[in-house]
Amino acid sequence: MKIGVIGLGHVGLTTALTFAKLGFKVYGNDKDKDKLEKLKNAICPIYEPGLDELLKEMLNEKQIEFLDDISETIKISDVIFICVGTPTNTDGSPDLSQVEEVSKAIAENLNGYKLIVEKSTVPVQTAQWIKRTIKLYSNENADFDVASNPEFLKEGSALYDTFHPDRIVIGVESERAKEILLKLYEKIDAPKLVVDVNTAEIIKHASNAFLATKISFINMVADLCEKTGADIRKVAEGMGYDKRIGREFLNAGIGYGGYCFPKDVRAFYYIGKLNGVDFSLLLEVEKINNSRIDRVIEKLKNALWNLKNKKIAIWGLSFKPNTDDIREAPSVKIVNRLLNEGAIVCAYDPKAMENFKKLFPNIDYAIDKYQVLKDANALLIVTEWDEFKSVDFEKMKKLMRNPIIIDGRNIFDCQEVKKYKFEYYPIGRSC
Ligand code: UGA
(Lines give C-alpha, C1' and ligand atoms only; values in the text may rest on other atoms or scores of the structure.)
Protein backbone atom coordinates (compact mmCIF):
# COMPACT_ATOMS: atom_id res chain seq x y z
CA MET A 1 0.00 0.00 0.00
CA LYS A 2 1.38 3.39 -0.97
CA ILE A 3 0.63 6.27 1.32
CA GLY A 4 0.45 9.94 0.36
CA VAL A 5 0.69 12.59 3.06
CA ILE A 6 -0.36 16.10 2.08
CA GLY A 7 0.75 18.82 4.48
CA LEU A 8 4.03 18.22 6.28
CA GLY A 9 3.70 20.15 9.52
CA HIS A 10 4.11 18.53 12.95
CA VAL A 11 1.28 16.08 12.36
CA GLY A 12 1.93 15.39 8.66
CA LEU A 13 5.65 14.88 8.89
CA THR A 14 5.39 12.69 11.97
CA THR A 15 2.61 10.64 10.36
CA ALA A 16 4.60 10.25 7.14
CA LEU A 17 7.74 9.11 8.92
CA THR A 18 5.82 6.78 11.21
CA PHE A 19 4.21 4.94 8.31
CA ALA A 20 7.56 4.84 6.51
CA LYS A 21 9.12 3.27 9.59
CA LEU A 22 6.23 0.78 9.76
CA GLY A 23 7.30 -0.41 6.31
CA PHE A 24 4.96 1.43 3.94
CA LYS A 25 6.20 3.44 0.98
CA VAL A 26 5.30 7.05 1.73
CA TYR A 27 5.06 10.11 -0.55
CA GLY A 28 5.03 13.50 1.16
CA ASN A 29 3.83 16.74 -0.38
CA ASP A 30 3.54 20.29 0.91
CA LYS A 31 2.82 23.54 -0.90
CA ASP A 32 5.77 25.18 0.92
CA LYS A 33 8.60 24.65 -1.57
CA ASP A 34 11.34 25.68 0.89
CA LYS A 35 10.16 23.08 3.33
CA LEU A 36 10.10 20.40 0.63
CA GLU A 37 13.62 21.32 -0.45
CA LYS A 38 14.85 20.99 3.13
CA LEU A 39 13.12 17.64 3.55
CA LYS A 40 14.57 16.28 0.32
CA ASN A 41 17.98 17.25 1.66
CA ALA A 42 17.30 15.48 4.95
CA ILE A 43 16.93 18.71 6.91
CA CYS A 44 14.09 18.57 9.41
CA PRO A 45 12.20 21.90 9.30
CA ILE A 46 11.05 21.64 12.93
CA TYR A 47 12.69 20.57 16.15
CA GLU A 48 11.09 17.43 17.51
CA PRO A 49 13.04 14.77 19.39
CA GLY A 50 14.04 11.87 17.12
CA LEU A 51 12.42 13.27 13.97
CA ASP A 52 15.64 14.43 12.35
CA GLU A 53 17.28 11.01 12.72
CA LEU A 54 14.19 9.18 11.48
CA LEU A 55 13.97 11.47 8.44
CA LYS A 56 17.56 10.64 7.48
CA GLU A 57 17.00 6.94 8.06
CA MET A 58 13.81 6.79 5.97
CA LEU A 59 15.35 8.80 3.12
CA ASN A 60 18.37 6.51 3.11
CA GLU A 61 16.15 3.45 3.00
CA LYS A 62 14.04 5.09 0.29
CA GLN A 63 10.92 4.49 2.36
CA ILE A 64 9.93 8.12 1.96
CA GLU A 65 10.00 10.47 -1.00
CA PHE A 66 9.06 14.12 -1.13
CA LEU A 67 7.18 15.22 -4.23
CA ASP A 68 6.66 18.79 -5.46
CA ASP A 69 3.56 17.92 -7.37
CA ILE A 70 0.33 17.30 -5.49
CA SER A 71 -1.24 15.62 -8.54
CA GLU A 72 1.59 13.11 -8.74
CA THR A 73 1.32 12.46 -4.99
CA ILE A 74 -2.40 11.74 -5.32
CA LYS A 75 -2.07 9.55 -8.40
CA ILE A 76 0.71 7.43 -6.99
CA SER A 77 -0.96 6.82 -3.58
CA ASP A 78 -3.60 4.33 -2.50
CA VAL A 79 -4.28 6.05 0.81
CA ILE A 80 -4.07 9.83 1.15
CA PHE A 81 -3.75 11.52 4.53
CA ILE A 82 -4.87 15.15 4.62
CA CYS A 83 -2.66 16.88 7.19
CA VAL A 84 -2.92 20.53 6.15
CA GLY A 85 -3.47 23.41 8.57
CA THR A 86 -6.89 24.33 9.88
CA PRO A 87 -6.29 27.80 11.36
CA THR A 88 -8.88 30.08 12.93
CA ASN A 89 -10.82 32.81 11.14
CA THR A 90 -11.24 36.13 12.95
CA ASP A 91 -14.75 35.11 14.13
CA GLY A 92 -13.35 31.95 15.78
CA SER A 93 -14.59 29.59 13.08
CA PRO A 94 -12.08 27.14 11.63
CA ASP A 95 -10.69 28.06 8.22
CA LEU A 96 -11.04 24.90 6.15
CA SER A 97 -9.95 26.37 2.83
CA GLN A 98 -6.76 24.29 2.73
CA VAL A 99 -8.76 21.10 3.30
CA GLU A 100 -11.10 22.12 0.48
CA GLU A 101 -8.17 22.87 -1.83
CA VAL A 102 -6.68 19.42 -1.23
CA SER A 103 -10.09 17.77 -1.70
CA LYS A 104 -10.43 19.44 -5.10
CA ALA A 105 -6.95 18.33 -6.08
CA ILE A 106 -7.83 14.77 -5.07
CA ALA A 107 -11.04 14.93 -7.13
CA GLU A 108 -9.16 16.07 -10.20
CA ASN A 109 -6.55 13.33 -9.93
CA LEU A 110 -8.55 10.26 -8.98
CA ASN A 111 -7.22 7.36 -11.01
CA GLY A 112 -8.78 4.38 -9.21
CA TYR A 113 -10.00 3.64 -5.69
CA LYS A 114 -8.45 5.84 -3.01
CA LEU A 115 -8.99 6.05 0.70
CA ILE A 116 -8.87 9.68 1.79
CA VAL A 117 -8.16 10.13 5.46
CA GLU A 118 -8.52 13.37 7.38
CA LYS A 119 -5.82 13.62 10.03
CA SER A 120 -5.94 17.36 10.62
CA THR A 121 -8.21 18.49 13.45
CA VAL A 122 -11.46 19.44 11.76
CA PRO A 123 -15.03 20.21 12.83
CA VAL A 124 -17.62 17.48 12.85
CA GLN A 125 -19.09 16.86 9.38
CA THR A 126 -15.93 17.94 7.55
CA ALA A 127 -15.60 14.42 6.08
CA GLN A 128 -19.04 14.91 4.56
CA TRP A 129 -17.83 18.14 2.97
CA ILE A 130 -14.70 16.45 1.65
CA LYS A 131 -16.87 13.73 0.14
CA ARG A 132 -19.21 16.24 -1.44
CA THR A 133 -16.31 18.30 -2.82
CA ILE A 134 -14.69 15.24 -4.38
CA LYS A 135 -18.01 14.23 -5.94
CA LEU A 136 -18.55 17.74 -7.29
CA TYR A 137 -15.15 17.99 -8.91
CA SER A 138 -14.54 14.44 -10.11
CA ASN A 139 -16.27 12.27 -12.66
CA GLU A 140 -19.35 10.23 -11.81
CA ASN A 141 -17.56 6.92 -11.46
CA ALA A 142 -15.08 8.15 -8.90
CA ASP A 143 -14.31 5.37 -6.48
CA PHE A 144 -13.22 6.50 -3.04
CA ASP A 145 -13.92 6.52 0.69
CA VAL A 146 -13.38 9.30 3.17
CA ALA A 147 -12.33 8.39 6.70
CA SER A 148 -11.46 10.29 9.85
CA ASN A 149 -8.40 9.21 11.77
CA PRO A 150 -7.57 12.03 14.19
CA GLU A 151 -4.08 12.43 15.55
CA PHE A 152 -3.43 12.76 19.28
CA LEU A 153 0.33 13.34 19.32
CA LYS A 154 1.80 16.08 21.50
CA GLU A 155 4.57 18.32 20.27
CA GLY A 156 7.80 17.56 22.05
CA SER A 157 6.97 13.84 22.19
CA ALA A 158 5.38 13.48 18.76
CA LEU A 159 7.20 10.36 17.63
CA TYR A 160 6.82 8.57 20.92
CA ASP A 161 3.11 9.40 20.93
CA THR A 162 2.51 8.07 17.40
CA PHE A 163 4.24 4.80 18.15
CA HIS A 164 2.64 4.49 21.60
CA PRO A 165 -0.78 6.14 21.37
CA ASP A 166 -3.39 5.79 24.12
CA ARG A 167 -5.86 4.89 21.38
CA ILE A 168 -6.33 4.90 17.62
CA VAL A 169 -9.63 6.30 16.46
CA ILE A 170 -10.86 5.09 13.09
CA GLY A 171 -13.96 6.80 11.71
CA VAL A 172 -15.25 5.03 8.61
CA GLU A 173 -18.29 4.54 6.42
CA SER A 174 -17.30 1.29 4.72
CA GLU A 175 -15.84 -2.08 5.54
CA ARG A 176 -13.13 -1.52 2.92
CA ALA A 177 -11.94 1.70 4.57
CA LYS A 178 -11.98 0.03 7.97
CA GLU A 179 -9.87 -2.91 6.77
CA ILE A 180 -7.30 -0.60 5.17
CA LEU A 181 -6.88 1.55 8.26
CA LEU A 182 -6.69 -1.44 10.58
CA LYS A 183 -3.99 -2.88 8.32
CA LEU A 184 -2.01 0.36 8.41
CA TYR A 185 -2.01 0.35 12.20
CA GLU A 186 -1.61 -3.42 12.58
CA LYS A 187 1.81 -3.14 14.21
CA ILE A 188 0.83 -0.45 16.70
CA ASP A 189 -0.25 -1.86 20.00
CA ALA A 190 -3.14 0.32 21.17
CA PRO A 191 -6.90 0.09 21.59
CA LYS A 192 -8.50 0.67 18.18
CA LEU A 193 -11.86 2.28 18.26
CA VAL A 194 -13.85 1.96 15.05
CA VAL A 195 -16.69 4.46 14.85
CA ASP A 196 -18.57 6.55 12.29
CA VAL A 197 -16.78 9.58 10.86
CA ASN A 198 -18.80 12.23 12.72
CA THR A 199 -18.05 10.52 16.01
CA ALA A 200 -14.33 10.34 15.22
CA GLU A 201 -14.25 14.05 14.42
CA ILE A 202 -15.98 14.94 17.67
CA ILE A 203 -13.68 12.67 19.71
CA LYS A 204 -10.70 14.76 18.61
CA HIS A 205 -12.19 18.20 19.26
CA ALA A 206 -13.81 17.11 22.52
CA SER A 207 -10.51 15.65 23.77
CA ASN A 208 -8.58 18.85 23.19
CA ALA A 209 -11.35 21.05 24.57
CA PHE A 210 -11.58 18.85 27.65
CA LEU A 211 -7.82 18.94 28.29
CA ALA A 212 -7.82 22.73 27.93
CA THR A 213 -10.72 22.87 30.39
CA LYS A 214 -8.74 20.74 32.83
CA ILE A 215 -5.84 23.19 32.63
CA SER A 216 -8.01 26.26 33.16
CA PHE A 217 -9.76 24.53 36.04
CA ILE A 218 -6.52 23.76 37.84
CA ASN A 219 -5.27 27.29 37.20
CA MET A 220 -8.31 28.67 39.01
CA VAL A 221 -7.71 26.26 41.89
CA ALA A 222 -4.10 27.50 41.92
CA ASP A 223 -5.28 31.07 42.44
CA LEU A 224 -7.41 29.93 45.36
CA CYS A 225 -4.47 28.00 46.82
CA GLU A 226 -2.31 31.08 46.62
CA LYS A 227 -4.84 33.21 48.49
CA THR A 228 -5.41 30.63 51.20
CA GLY A 229 -1.96 29.23 51.85
CA ALA A 230 -2.59 25.84 50.23
CA ASP A 231 -0.16 24.15 47.83
CA ILE A 232 -1.46 23.53 44.28
CA ARG A 233 1.11 20.83 43.59
CA LYS A 234 -0.16 18.77 46.51
CA VAL A 235 -3.77 19.54 45.63
CA ALA A 236 -3.14 18.26 42.08
CA GLU A 237 -1.47 15.15 43.50
CA GLY A 238 -4.35 14.53 45.85
CA MET A 239 -6.91 14.98 43.08
CA GLY A 240 -4.84 12.98 40.60
CA TYR A 241 -4.89 9.79 42.66
CA ASP A 242 -8.57 9.60 41.86
CA LYS A 243 -8.58 7.47 38.72
CA ARG A 244 -11.61 9.33 37.44
CA ILE A 245 -9.58 12.55 37.45
CA GLY A 246 -5.96 11.48 36.81
CA ARG A 247 -2.83 13.50 37.58
CA GLU A 248 -1.96 14.51 34.01
CA PHE A 249 -2.78 17.98 32.74
CA LEU A 250 -3.20 19.29 36.26
CA ASN A 251 -0.05 21.40 36.16
CA ALA A 252 -0.99 24.94 37.05
CA GLY A 253 1.02 27.71 35.48
CA ILE A 254 0.76 30.41 32.88
CA GLY A 255 -1.82 28.59 30.82
CA TYR A 256 -1.97 26.60 27.65
CA GLY A 257 -0.59 27.75 24.30
CA GLY A 258 0.45 26.16 21.03
CA TYR A 259 -1.19 25.64 17.67
CA CYS A 260 -3.89 23.31 18.95
CA PHE A 261 -5.64 24.10 22.23
CA PRO A 262 -6.38 27.80 21.65
CA LYS A 263 -7.76 27.19 18.16
CA ASP A 264 -9.61 23.99 19.05
CA VAL A 265 -11.34 25.49 22.09
CA ARG A 266 -12.55 28.36 19.89
CA ALA A 267 -13.56 26.03 17.05
CA PHE A 268 -15.47 23.66 19.33
CA TYR A 269 -17.39 26.57 20.86
CA TYR A 270 -18.17 27.81 17.36
CA ILE A 271 -19.35 24.40 16.13
CA GLY A 272 -21.62 24.18 19.19
CA LYS A 273 -23.07 27.58 18.38
CA LEU A 274 -23.65 26.65 14.75
CA ASN A 275 -25.60 23.64 15.94
CA GLY A 276 -27.59 25.49 18.59
CA VAL A 277 -25.54 24.13 21.48
CA ASP A 278 -24.44 26.72 24.02
CA PHE A 279 -20.88 25.76 24.96
CA SER A 280 -20.12 28.99 26.81
CA LEU A 281 -18.17 26.90 29.32
CA LEU A 282 -15.41 27.05 26.70
CA LEU A 283 -15.53 30.85 26.58
CA GLU A 284 -14.78 30.81 30.28
CA VAL A 285 -11.92 28.33 29.72
CA GLU A 286 -10.41 30.74 27.20
CA LYS A 287 -10.98 33.76 29.45
CA ILE A 288 -9.23 32.06 32.36
CA ASN A 289 -6.36 31.09 30.11
CA ASN A 290 -5.89 34.65 28.86
CA SER A 291 -5.92 35.96 32.41
CA ARG A 292 -2.89 33.82 33.31
CA ILE A 293 -0.70 36.37 31.57
CA ASP A 294 -2.15 39.13 33.80
CA ARG A 295 -1.32 37.02 36.86
CA VAL A 296 2.35 36.76 35.85
CA ILE A 297 2.68 40.46 35.10
CA GLU A 298 0.95 41.23 38.42
CA LYS A 299 3.46 39.02 40.25
CA LEU A 300 6.35 40.83 38.58
CA LYS A 301 4.90 44.19 39.53
CA ASN A 302 4.29 43.10 43.11
CA ALA A 303 7.95 42.21 43.33
CA LEU A 304 9.50 45.09 41.36
CA TRP A 305 6.92 47.90 41.70
CA ASN A 306 7.51 49.50 38.27
CA LEU A 307 8.73 47.56 35.28
CA LYS A 308 10.05 50.53 33.36
CA ASN A 309 13.77 50.07 32.60
CA LYS A 310 13.87 46.91 34.71
CA LYS A 311 15.76 44.07 33.12
CA ILE A 312 13.63 40.94 33.01
CA ALA A 313 15.38 37.69 32.16
CA ILE A 314 13.18 35.06 30.53
CA TRP A 315 13.76 31.35 30.64
CA GLY A 316 11.84 29.56 27.90
CA LEU A 317 10.04 30.88 24.82
CA SER A 318 8.52 27.77 23.22
CA PHE A 319 4.91 27.03 24.22
CA LYS A 320 6.12 23.86 25.95
CA PRO A 321 9.46 22.06 26.39
CA ASN A 322 11.16 19.97 23.67
CA THR A 323 9.86 22.00 20.75
CA ASP A 324 10.90 25.16 18.92
CA ASP A 325 7.26 26.07 18.32
CA ILE A 326 6.18 29.51 19.54
CA ARG A 327 2.73 29.63 17.97
CA GLU A 328 0.29 31.08 20.54
CA ALA A 329 3.03 30.67 23.13
CA PRO A 330 2.43 32.53 26.41
CA SER A 331 5.94 33.99 25.92
CA VAL A 332 4.74 36.09 22.98
CA LYS A 333 2.01 37.76 25.04
CA ILE A 334 4.30 38.17 28.04
CA VAL A 335 7.11 39.81 26.07
CA ASN A 336 4.64 42.17 24.39
CA ARG A 337 3.28 43.18 27.79
CA LEU A 338 6.76 43.68 29.24
CA LEU A 339 7.83 45.84 26.31
CA ASN A 340 4.67 47.92 26.65
CA GLU A 341 5.54 48.48 30.29
CA GLY A 342 9.00 49.73 29.27
CA ALA A 343 10.93 46.73 30.60
CA ILE A 344 14.20 45.55 29.06
CA VAL A 345 13.79 41.94 27.99
CA CYS A 346 16.54 39.40 27.64
CA ALA A 347 15.55 35.84 26.75
CA TYR A 348 17.02 32.39 26.53
CA ASP A 349 15.48 29.21 25.12
CA PRO A 350 17.33 26.03 24.14
CA LYS A 351 15.54 25.69 20.76
CA ALA A 352 13.02 28.45 20.08
CA MET A 353 15.16 31.60 19.88
CA GLU A 354 15.47 31.58 16.08
CA ASN A 355 11.71 31.51 15.69
CA PHE A 356 11.25 34.16 18.38
CA LYS A 357 13.78 36.48 16.74
CA LYS A 358 11.53 36.66 13.68
CA LEU A 359 8.79 38.15 15.87
CA PHE A 360 10.98 40.13 18.26
CA PRO A 361 14.24 41.04 16.51
CA ASN A 362 14.95 43.85 18.95
CA ILE A 363 15.02 42.20 22.34
CA ASP A 364 18.23 40.71 23.74
CA TYR A 365 18.97 37.01 23.49
CA ALA A 366 21.51 35.08 25.55
CA ILE A 367 23.57 32.05 24.71
CA ASP A 368 22.69 30.17 27.86
CA LYS A 369 20.52 30.10 30.96
CA TYR A 370 23.15 31.91 33.07
CA GLN A 371 24.22 34.65 30.65
CA VAL A 372 20.62 35.84 30.41
CA LEU A 373 20.62 36.53 34.16
CA LYS A 374 23.41 39.11 34.11
CA ASP A 375 22.20 42.24 35.96
CA ALA A 376 18.59 41.09 35.74
CA ASN A 377 16.11 42.57 38.18
CA ALA A 378 14.06 39.40 38.01
CA LEU A 379 13.93 36.04 36.32
CA LEU A 380 10.66 34.90 34.79
CA ILE A 381 10.34 31.17 34.06
CA VAL A 382 7.97 30.68 31.13
CA THR A 383 8.75 27.16 29.83
CA GLU A 384 9.75 24.20 31.99
CA TRP A 385 12.69 22.86 29.93
CA ASP A 386 14.58 20.17 31.84
CA GLU A 387 17.79 22.20 31.81
CA PHE A 388 16.11 24.85 33.99
CA LYS A 389 15.27 22.32 36.66
CA SER A 390 18.83 21.64 37.77
CA VAL A 391 20.71 24.86 38.34
CA ASP A 392 23.50 26.43 40.34
CA PHE A 393 21.56 28.87 42.57
CA GLU A 394 24.76 30.39 43.96
CA LYS A 395 25.88 31.28 40.44
CA MET A 396 22.46 32.65 39.55
CA LYS A 397 22.42 34.88 42.59
CA LYS A 398 25.82 36.35 41.81
CA LEU A 399 24.76 37.17 38.26
CA MET A 400 21.43 38.81 39.05
CA ARG A 401 20.99 42.37 40.27
CA ASN A 402 17.98 41.36 42.39
CA PRO A 403 17.50 37.74 43.45
CA ILE A 404 13.86 37.52 42.39
CA ILE A 405 12.31 34.55 40.59
CA ILE A 406 8.78 34.47 39.19
CA ASP A 407 8.18 30.84 38.37
CA GLY A 408 5.35 30.45 35.86
CA ARG A 409 5.83 26.68 35.74
CA ASN A 410 6.38 25.76 39.38
CA ILE A 411 9.69 24.01 38.77
CA PHE A 412 11.56 24.72 42.01
CA ASP A 413 11.24 23.54 45.54
CA CYS A 414 10.51 26.43 47.95
CA GLN A 415 12.98 25.30 50.62
CA GLU A 416 15.79 24.92 48.11
CA VAL A 417 15.34 28.40 46.62
CA LYS A 418 14.91 30.01 50.02
CA LYS A 419 18.22 28.50 51.17
CA TYR A 420 19.92 30.85 48.70
CA LYS A 421 17.79 33.76 49.85
CA PHE A 422 15.92 34.26 46.63
CA GLU A 423 12.53 35.93 46.65
CA TYR A 424 10.55 33.18 44.96
CA TYR A 425 7.03 33.60 43.53
CA PRO A 426 5.64 30.38 42.06
CA ILE A 427 2.03 29.67 41.01
CA GLY A 428 -0.54 28.45 43.49
CA ARG A 429 1.89 28.16 46.39
CA SER A 430 3.13 30.65 48.92
CA CYS A 431 6.84 30.42 49.62
C1 UGA B 1 -2.28 18.87 22.24
C2 UGA B 1 -2.88 17.54 22.76
O3 UGA B 1 -2.33 17.23 24.04
C4 UGA B 1 -2.60 16.40 21.78
O5 UGA B 1 -3.23 15.22 22.22
C6 UGA B 1 -3.13 16.78 20.40
O7 UGA B 1 -2.86 15.79 19.43
C8 UGA B 1 -2.51 18.10 19.95
O9 UGA B 1 -2.80 19.13 20.93
C10 UGA B 1 -3.10 18.45 18.62
O11 UGA B 1 -4.33 18.64 18.55
O12 UGA B 1 -2.39 18.44 17.61
P13 UGA B 1 0.19 19.93 22.18
O14 UGA B 1 -0.55 21.22 21.95
O15 UGA B 1 1.26 19.56 21.23
O16 UGA B 1 -0.86 18.70 22.18
O17 UGA B 1 0.85 19.94 23.63
P18 UGA B 1 0.30 19.68 25.11
O19 UGA B 1 1.28 18.84 25.81
O20 UGA B 1 -1.09 19.24 25.10
O21 UGA B 1 0.37 21.15 25.76
C22 UGA B 1 -0.52 22.20 25.35
C23 UGA B 1 -0.35 23.38 26.27
O24 UGA B 1 -0.92 23.11 27.55
C25 UGA B 1 1.09 23.79 26.54
O26 UGA B 1 1.19 25.19 26.47
C27 UGA B 1 1.36 23.31 27.94
O28 UGA B 1 2.33 24.06 28.61
C29 UGA B 1 0.00 23.47 28.57
N30 UGA B 1 -0.21 22.60 29.74
C31 UGA B 1 -0.25 21.25 29.59
C32 UGA B 1 -0.39 23.17 30.99
O33 UGA B 1 -0.38 24.39 31.17
N34 UGA B 1 -0.60 22.33 32.05
C35 UGA B 1 -0.65 21.00 31.94
O36 UGA B 1 -0.86 20.31 32.96
C37 UGA B 1 -0.46 20.44 30.67
Side-chain angles (χ1 to χ4, degrees), residues 7 9-15 46-49 83-88 94 118-123 149-162 164-169 190 201 203-222 232-233 235-237 239-240 245-268 285-286 288-293 295-296 316-334 352 381-385 407-411 427-428:
H10 279 86
V11 167
L13 186 56
T14 311
T15 301
I46 47 170
Y47 173 73
E48 184 63 48
C83 302
V84 293
T86 51
T88 311
E118 50 173 38
K119 231 327 158 214
S120 310
T121 305
V122 288
N149 168 223
E151 182 50 63
F152 298 98
L153 65 82
K154 303 182 288 299
E155 286 185 32
S157 55
L159 267 185
Y160 181 86
D161 292 344
T162 37
H164 307 91
D166 289 343
R167 78 298 210 185
I168 291 169
V169 173
E201 289 167 335
I203 289 173
K204 171 65 195 191
H205 254 150
S207 300
N208 273 7
F210 185 80
L211 289 169
T213 305
K214 205 172 171 187
I215 297 170
S216 280
F217 183 88
I218 203 68
N219 278 330
M220 278 291 99
V221 179
I232 188 62
R233 295 200 304 187
V235 170
E237 189 184 342
M239 289 169 66
I245 299 174
R247 174 62 185 82
E248 284 191 61
F249 279 68
L250 286 182
N251 296 323
I254 51 181
Y256 60 79
Y259 184 64
C260 302
F261 284 175
K263 106 178 142 61
D264 292 349
V265 166
R266 260 171 251 151
F268 208 40
V285 167
E286 189 178 34
I288 293 168
N289 197 53
N290 291 337
S291 73
R292 301 317 290 167
I293 307 298
R295 295 284 297 116
V296 171
L317 298 170
S318 54
F319 82 97
K320 62 178 285 191
N322 299 322
T323 175
D324 58 357
D325 196 346
I326 58 160
R327 289 174 296 175
E328 298 254 1
S331 61
V332 175
K333 291 183 194 151
I334 289 173
I381 303 173
V382 177
T383 317
E384 68 279 31
W385 285 88
D407 183 356
R409 296 294 182 177
N410 268 340
I411 64 173
I427 304 277

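These numbers come from a predicted model, not from an experiment. For ligands, and for the atoms within them, numbers begin at 1 and follow the listed sequence.
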The closest protein heavy-atom partner of atom 8 (C) of ligand 1 is Leu153 O, 3.4 Å

For residues Ile381 and Ile411, determine if any side-chain heavy atom of one lies less than 4.5 Å from a side-chain heavy atom of the other. yes

What one should report as the nearest heavy-atom pair of Arg233 and Asn410 is NH1-O, 3.2 Å

For Arg409, the ligand 1 atoms with a heavy-atom partner under 4.0 Å come out as 28 (O), 33 (O)

Heavy-atom distances under 4.0 Å are what count here, so tell me which part of Glu151 touches ligand 1: side chain, backbone, both or neither. backbone

Can you report which non-hydrogen protein atom sits closest to atom 34 (N) of ligand 1, along with the distance? Asn251 O, 3.0 Å

Contact check, Glu384 vs ligand 1, heavy-atom distance below 4.0 Å: no

State, without any angle test, whether Ser318 and Arg327 hold a side-chain donor-acceptor pair at a distance under 3.5 Å. no

For Pro321 and Glu384, work out which heavy atoms get closest and say how close. CG-O, 3.4 Å

Is any N or O atom of Tyr256, backbone or side chain, closer than 3.5 Å to an N or O atom of ligand 1? no

Is Glu286 salt-bridged to Arg266, going by a charged N under 4.0 Å from an acidic O? yes

Would one find more than 12 heavy atoms of other residues, nucleotides or ligands at under 6.0 Å from atom CZ of Phe152? yes

In terms of atom number and element, which parts of ligand 1 are under 4.0 angstrom from non-hydrogen atoms of Leu250? 36 (O)

Is Gly255 near ligand 1, meaning one of its heavy atoms is under 4.0 Å from it? yes

Would you mind telling me which of Thr213, Leu211, Ile218 makes a side chain to side chain contact (heavy atoms under 4.5 Å, CB included) with Phe249? Leu211

Any heavy atom of Glu248 sitting closer than 4.0 Å to ligand 1? no

Protein residue, atom and distance nearest to atom 15 (O) of ligand 1, heavy-atom basis: Glu155 N, 2.7 Å

for atom 18 (P) of ligand 1, nearest protein heavy atom and its distance come out as Lys320 NZ, 3.7 Å

How far is atom 16 (O) of ligand 1 from the closest protein heavy atom, and which atom is that? Lys154 CA, 3.8 Å

Does the residue Gly258 have a heavy-atom contact with ligand 1, meaning some pair of atoms that are separated by less than 4.0 Å? no

Give the ring-plane orientation class for Tyr47 versus Trp385, where under 30° counts as parallel, over 60° as perpendicular and anything between as tilted. tilted

Lys263 to Tyr259 six-membered ring, cation-pi geometry met (6.0 Å, 45°): yes

If you apply the rule side-chain contact (heavy atoms from CB on, under 4.5 Å), what do you find for His10 with Cys83, and how did you get there? CA-CA 9 Å; His10 279 86; Cys83 302; over 6 Å; no

From the candidates Phe319, Phe261, Phe152, Phe249, the one that places a heavy atom nearest atom 14 (O) of ligand 1: Phe319

Should Gly257 be counted as touching ligand 1, given the test is an N or O pair under 3.5 Å? yes

Ranked by distance from atom 30 (N) of ligand 1, the top protein heavy atom is Ile215 CD1, 3.4 Å

Would you mind checking which non-hydrogen protein atom is closest to atom 10 (C) of ligand 1, with the distance to 0.1 Å? Cys260 SG, 2.9 Å

Exactly one candidate in Thr383, Asp325, Val332 meets side chain to side chain contact (heavy atoms under 4.5 Å, CB included) with Phe319; the answer is Asp325

